[in-house]
Structures are given as structure tokens and as C-alpha cells.
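The shown structure was predicted, so the numbers you read here are calculated from the model rather than taken from an experiment.
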Amino acid sequence: MQARELVVELRPRGDVGWDIRFLDARDRVLRERLGEREPLARLGLRPRLLQQAIVVEQEFSGRPGIELGHWLCRWLFGDADEQRALLVALDGPSVARWSPNVRSATFNLELRTSDPELLGQPWHLLSWEGERLLASGWSIRVAPPHTPPTRGELPWPPRVLALAPALAEGASDDVEAAAHLDVLRGALCRAGVPRASFVQVASVEELRAALQKNVSWDIFYYFGHGQVEGGVAGLQLADDWGSPEFFPMHDLAELLRKRPPRIVYLNTCSAGAGGWHGAGNLLCAPGNIVLTHLCPVRVGAAQGRAERFFHRLAHDGDDPVQSFLPRHNELASGGFAWMCGAIHSSARSWRLARPSAAVCGEPDARWALRLDRRPQRMMVLDRVNYNLMRPATPRRGAAFVAAAGPDNHLHDLGEQLFTFLRDDEQMRRHLLRLDVTVPPDDARSQEPWDEHMRAALGAGPSATLADAMTGFLRSRGVEDGHAVVWLDFGGWPRATSGRPIVRTTGWLRRCRHWTERHFSALPRLRVAYFIGLEVASGLRGKIQRALRSPKIREELNSSAFAYDVLVEPGAIEYDDIREFLRLNQALNLTDEDQRALAEAIHKTATREREGTGYRASVELLLRGREHGWEQLLRELGGADEDEDFYDV
């Protein structure tokens, strides 16, 4: 279901509360109501958000968080009757026949306010009838009341200014900022952002110097401590001597005022608190977006959220709002980090001005993952071509199961196989890929799997899977339904017991069910499913024998659906690496350099890692592209001159 724009204006009405006006995308007034001050004060969400992270987590995660979100939703939209009246005003009286409420709709919600009490409310918490609105496909952002909505644009490659304070020598890096920024820099480099476009500073003076240069920074990222003092939000920076220094948000706003970055991401505790003195109110400018937290957040959660944000923005091509919002599996996994985020943006839509990989002068973003995997690729290509693409075939769906050890990048194998299929000129015109998360528990019933499928397809909980798939295809420009959709379930965590057999056969039953019961309504659609199982060595043979047994094949295969177990990925060989380097002529390596580099990578990968050496080989190739091949050879020590068994 496509999300629609819904604007809510909130204006103070003395001591009584706030006038709430609902508008459509053209600013046409739909309804008005009063949001009373006393019920919102009774909820007391703002002061509760400023407690310690562990206390906030206990009060806002799980069922308590859904209840708080319910009452906040009721305060904003009213009861079920008022919600129905709003949707009737938006869509006409015909919708009243099925008694809708806000959970049955999907909106990009824009809250226009400058009221300090409302700026600090956890709007991402909104829930109704036991379900968070974010899980129904909503996006929720706060906008300045007097700034007309604009369209934001992020140029490519973006220039990133990252601030991570460095205290005096000997002070502990208790947030592990150095390692975190290395991860972000590497992720952006792999997506085609030059290393020179990522600049890191560590003090107030270095920040001022970087901002005074004749440079327009597209992304400003802060990672470190933050706090609220006297109702004013601020960052904990380092002064000239490396001592902690409270840096009020007003001062940061003054530094960024002349050339506001298009994206300001303050990954710290409570930077969005403080009302008028918080990041959202002070830093939000026309055409930009401010992302931050309303409450204390744990280091690991903050790091993980930022890494997912930059990956989705640079690699997946999501806009900044969607990159910051949690995906369905994050909502389902509990915790509260997803909820404490705040989005302030005057831009109603975003455009990422990203050219093709060829224009960037880079291979595609996951370039090193083209290494090897030939047996698996050829098997998938054969099955998809023969079983799904032939006009006369009754086969509508095919599932592929891969089982291997922890050294094989199984979570990326589905993307590798899809990339190989896309290289086929006949197939690429009809091929689409979609990531689907696996429910966090065993999910023996059908319902959690259906929910995750709807979420991946961008549909609300009331949509049928057939309608959800139709909407997904149309959003990709496929009007006639003629497509092969690669549904990538990624990799399951490492398994050390017999449970993977039960889980895998359960997943295959669901794939068959979806194919036969739901997707059969789209006669030109073909669906390929992939799952990777990271399995302990003693179980892999057992799983493969079970899945290849006539009994299970007879039970799960049909004329419309069939599954295959892929050949287990083997150990990486010197010849695999040498051939990979030879085929990538853009690397500008001589034959001698190719030989030396392949030898050094193979030796290092197989010596330092147990297993196949595949993961280490990929990481070394990515490091070489980021830092330079000569630097990589120096780090690895080159090839031993007294050994010649690698020579061709």
C-alpha cells in the first residue's frame, strides 16, 4: 500500500492545550480538534525520556511502550470514531462501511509545530490496537510550522564531515568512536564515496576550521556524548587541551548557519531534547533533515543504527527518512533504540542524485562479492532459466537453500546470486530483488511470516499478499506483473542443534504456500526464494541429506513450486583469486602484480582464518580497493620469493 501525505498542524491555545488541524498533501483542511494539555501532561513522556538508558528501556520497550504509544495516538488523533471521521474526510463516505482507523491507513505523517512541549514527544512511539504505526509503513517527521515544504536533494558522492571528540592522551575512548568511524568510512567507500570525501575532526577548533573552508558539507555526523544542562541540549566536545567541554546546541547552530548541511545526524544522547533548545528546532533549515535521539541511548545501539543508516543511504539508495526509520525486524526485536529517534525535516521528499557506477569510476558497490561462487551461480541460473522462465512451464516459484560454515559470507550469498542473474541480458529486464527479514522466533504459525512479507513489500497489515506484491511491482514500474522477484531472506544465525531442519522445512512450506495461495493471482509473476543457513560442521551433512530425501521432496515440491539445495561453498583457492583479479581490468594491475597480490591474499586468508578463507579474502580485496593495492601488498608482506608453487 502506497503511503500518502498527512499533515498535522499543532498550534497553542493558551493554557488549554493545542489546536490540531489535519490537512492533506495540498494543505486542504480535513478536520480540527483540540489536544488538551492535561492528558498529555499526565502521560509525562518528556521527563521520563531523560532518565538513564536502562530505565527508559524498561518503561518504553515491549508492551509498556505500545500502551504509551496508544495513549499518545489517542491524544493526537482522537478515539476510533474521530479517526474514522478523519479518514472519511480524506477518502469519502464509502470508507465508513468497513470502520477504518489510523492503523488501517499508511501515511507519511508531517507534524508542523514549534511548541517546546511537542518537539520533545516520542512520536515514533505512536501505536493503535496493539501495533506500532511504523510497523504499518508509516513515516513520522516534525517540520517547522512556517517553512513551506521543499524537496531535499543529496548530491553524489556526498561530502561527509564527521566529528568524534578526542579527549586528552590517556583518556578512554568509551564509545569506541575510532573503530566506529572506520566502519562508516569503509561502508561509504564500498558504495563509491572517495576516501577524501570523508573528513574526520576531533575538537571544537578543528570543527571550526573545517566549517570555515570554502566547502559545502552534505552530511554532518557527530558521534560521542551529549547531555541536557539547564534545559539546553548540547554535545560533550574536547577543548584545546583535550578536556571535556559542554558545547550548547545554539553554538553548533551558529557554526552550521551559513552553509547548513543537507543531513545533520547527531548520534548522541538527548540531543533532540530541550524543546526550543534542542537540535531539531535549532538546526532544521529549508531543504535539510536533522536526525537525533530524544533520550539516552546505549553505545552499541547508536553504532548499529548509524551503520545501518549509512548502508541504506549509500548502498541501497534509500532516502534519509527511510534510511533512519527502523525496518520491521528492528521493531519486532524489542528494545527502545528505534523509538527514541527523532526526524526533523522541512523537505517532504528527497532525491539522491546518484549517477551510475560507471560514472563514478567504480565497480558496483559489492564488487568483491563477485569472487568465486561459480557452482552455486550456475545452478541457480540453470534452475531459474529452465524452471521459471520457459513460457510453457507450470512452475511459479523456486526456493534455494544454502548451508555452510561461518566463514562463507552466507548473508551475502543471495545478493551474489541475484547479481549473477542480473548479468544475463535476457533476464535483467524482468528481474527484481527484495530483502525479507525472518521472524525473530521460530514462528511456527503462518501469521508472523506473512507480516514480515507485507513489511518487505511496503504494505500495511490489512493488505493481502497478492495486493502487496502488485503494489510493489507497480512501484518498480512493472505494470503488467511480468517479473521474476528474487526474495532474499539472507542468512540465519549459526545453528548448533537439530532445529535448523525444522525451521528450514517450515520456511519451505511457507514459500510453497505463498506461491500457490497468494502469488498465483498474478499469472505473469515468478518468484525465487533464497535462504542461507550458517550451520555447525557436524550438522551440515545431516541437513543436506534430510532436504534431499525423497520423503521431504515429495511433501514440499509440486508442479507450481520446487526447491533445491545448493552445493556447499568450498575453500577459496589461489586460482579463484587470480582469475578474479585478471577479469577486473579496471584495477590496472600488471600480471606480476596480480600474481603477487593473489598469492598474498590467499596465504593471509587461509592462514589467519579457520574454514574456507572466503570471508578474509573478500575483506582483503575491499581493503585493497579502499587503501590502494600497493599499500595492501606492503601490509601483507608480498609473496615469499622461495616459494613458486602458485605460479601459473
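L235 has its side chain within reach of L252: a pair of non-hydrogen atoms, C-beta onward, lies under 4.5 Å apart. In this structure, the side chains of L10 and L76 come closer than 4.5 Å at one or more pairs of heavy atoms. Within the 4.5 Å cutoff, the side chain of Y222 has heavy atoms near those of the P165 side chain. Two residues are said to be in side-chain contact when any heavy atoms from C-beta on lie closer than 4.5 Å; R305 and P326 meet this criterion. Residues F247 and Q236 have side chains not in contact (no heavy-atom distance under 4.5 Å, counting atoms from C-beta outward). At least one side-chain heavy atom of L283 sits less than 4.5 Å from a side-chain heavy atom of L256. Within the 4.5 Å cutoff, no side-chain heavy atoms of C73 are placed close to those of H70. Contact annotation: the side chain of D435 never approaches that of E415 to less than 4.5 Å [non-hydrogen atoms, C-beta and beyond].
The CG atom of L255 sits 8.0 Å away from atom CD of Q212, with the distance rounded to the nearest 0.5 Å. For the atom pair NE2 (H124) and CG (L133), the distance works out to 11.0 Å, reported to the nearest 0.5 Å. From L313, atom CG reaches atom CG of D318 across 8.0 Å, with rounding to the nearest 0.5 Å. To the nearest 0.5 angstrom, L119 atom CG is 9.0 Å from W276 atom CH2. Here the straight-line distance linking atom CG of L40 with atom CH2 of W71 works out to 13.5 Å at 0.5 Å rounding. Taking OG from S203 and CZ from R208, the interatomic distance works out to 9.5 Å, rounded to the nearest 0.5 Å.
Listed by first and then second residue, the side-chain hydrogen bond (donor to acceptor under 3.5 Å, both in side chains) pairs involving residues 277-289 are H250-H277 (not counting sequence neighbours). Pairs engaging residues 226-235 under the salt bridge (Lys or Arg N to Asp or Glu O under 4.0 Å) rule: none recorded [sequence neighbours left out]. Legend: salt bridge (Lys or Arg N to Asp or Glu O under 4.0 Å) pairs involving residues 139-156, not counting sequence neighbours, sorted by first then second residue: E5-R141, E110-R141, E153-R351. Sorted by first then second residue, the ring-ring contact (aromatic ring centres under 6.0 Å, His included) pairs that include residues 256-275, not counting sequence neighbours, are Y221-Y265, Y265-F309, Y265-F324.
At distances below 3.5 Å, not a single donor-acceptor pair connects side-chain atoms of S270 with backbone N or O atoms of A273. In this structure a side-chain-to-backbone donor-acceptor pair under 3.5 Å is missing from E59 to V56. A distance-only check finds no donor-acceptor pair linking the side chain of W75 to the backbone of L43 [under 3.5 Å]. A donor-acceptor pair is defined here as one N or O able to donate and one able to accept, closer than 3.5 Å; no such pair exists between the side chain of T113 and the backbone of L118. In this structure, N267 contributes its side chain and A302 its backbone to a donor-acceptor pair below 3.5 Å. A side-chain donor-acceptor contact under 3.5 Å links Q83 to the backbone of V102. Side-chain atoms of S346 come within 3.5 Å of backbone atoms of A285 as a donor-acceptor pair (strictly under, hydrogens ignored). A donor-acceptor pair under 3.5 Å is absent between the side-chain atoms of S345 and the main chain of I289, judged by distance alone. A distance-only check finds no donor-acceptor pair linking the side chain of S197 to the backbone of V193 [under 3.5 Å]. When atom types are taken as modelled, the side chain of T150 and the backbone of G287 share a donor-acceptor pair closer than 3.5 angstrom.
There is no side-chain donor-acceptor pair under 3.5 Å between W138 and N108.
Of the charged side-chain nitrogens involved, none lies within less than 4.0 Å of a carboxylate oxygen, so that D19 and R11 do not count as a salt-bridged pair. At a threshold of 4.0 Å, the pair R623-E619 does not count as salt-bridged, since none of the basic side-chain nitrogens sits closer than that to a carboxylate oxygen. A salt bridge links R262 with D218: the closest approach of a Lys/Arg side-chain nitrogen to an acidic carboxylate oxygen falls below 4.0 angstrom. Salt bridge R112/D27: present, at least one basic N to carboxylate O contact under 4.0 Å. Here D15 does not pair with R37 in a salt bridge; the nearest charged N to carboxylate O distance is not below 4.0 Å.
Between P12 and D115 the shortest heavy-atom distance is CG-OD2, 3.6 Å. In terms of heavy-atom proximity, V290 sits nearest to A279 at CG1-O, 4.0 Å. Taking each heavy atom of V436 and A456 in turn, the nearest pair found is CG2-CB, 3.9 Å. When all heavy atoms of L266 and T292 are compared, the pair lying nearest together is O-OG1, 3.3 Å. Shortest non-hydrogen contact noted between L49 and P122 is CD1-CD, 3.9 Å. Of all non-hydrogen atoms in T106 and S136, the two that sit nearest each other are OG1-O, 3.3 Å.
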| message | F77 vs W128, test: side chain to side chain contact (heavy atoms under 4.5 Å, CB included). Steps then yes/no. | response | CA-CA 10 Å; F77 291 105; W128 194 255; over 6 Å; no

| task | Could you check S139 against Q322 for side chain to side chain contact (heavy atoms under 4.5 Å, CB included), going step by step and ending with a plain yes or no? | result | CA-CA 8 Å; S139 68; Q322 292 302 318; 4.0 Å; yes

| field | Verdict with supporting geometry, L126 and I140, side chain to side chain contact (heavy atoms under 4.5 Å, CB included) | value | CA-CA 9 Å; L126 290 174; I140 303 170; 3.9 Å; yes

| query | So I20 and E9, side chain to side chain contact (heavy atoms under 4.5 Å, CB included) or not? Walk me through it. | reply | CA-CA 6 Å; I20 303 176; E9 287 186 344; over 6 Å; no

| request: Applying salt bridge (Lys or Arg N to Asp or Glu O under 4.0 Å), run through E254 and R257 and close with a yes or a no. | output: CA-CA 5 Å; E254 183 61 28; R257 180 179 57 83; 3.2 Å; yes

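Residues forming a side chain to side chain donor-acceptor pair (under 3.5 Å) with W123 (at least two apart in sequence, or on another chain): none. Scored by the side chain to side chain donor-acceptor pair (under 3.5 Å) test, E307 finds H180 as partners (sequence neighbours excluded).
For the pair R159 and W217, the cation-pi test (distance below 6.0 Å, angle within 45°) is passed.
With respect to I219, the side-chain contact (heavy atoms from CB on, under 4.5 Å) criterion is satisfied by exactly one of L188, L161, L154: L154.
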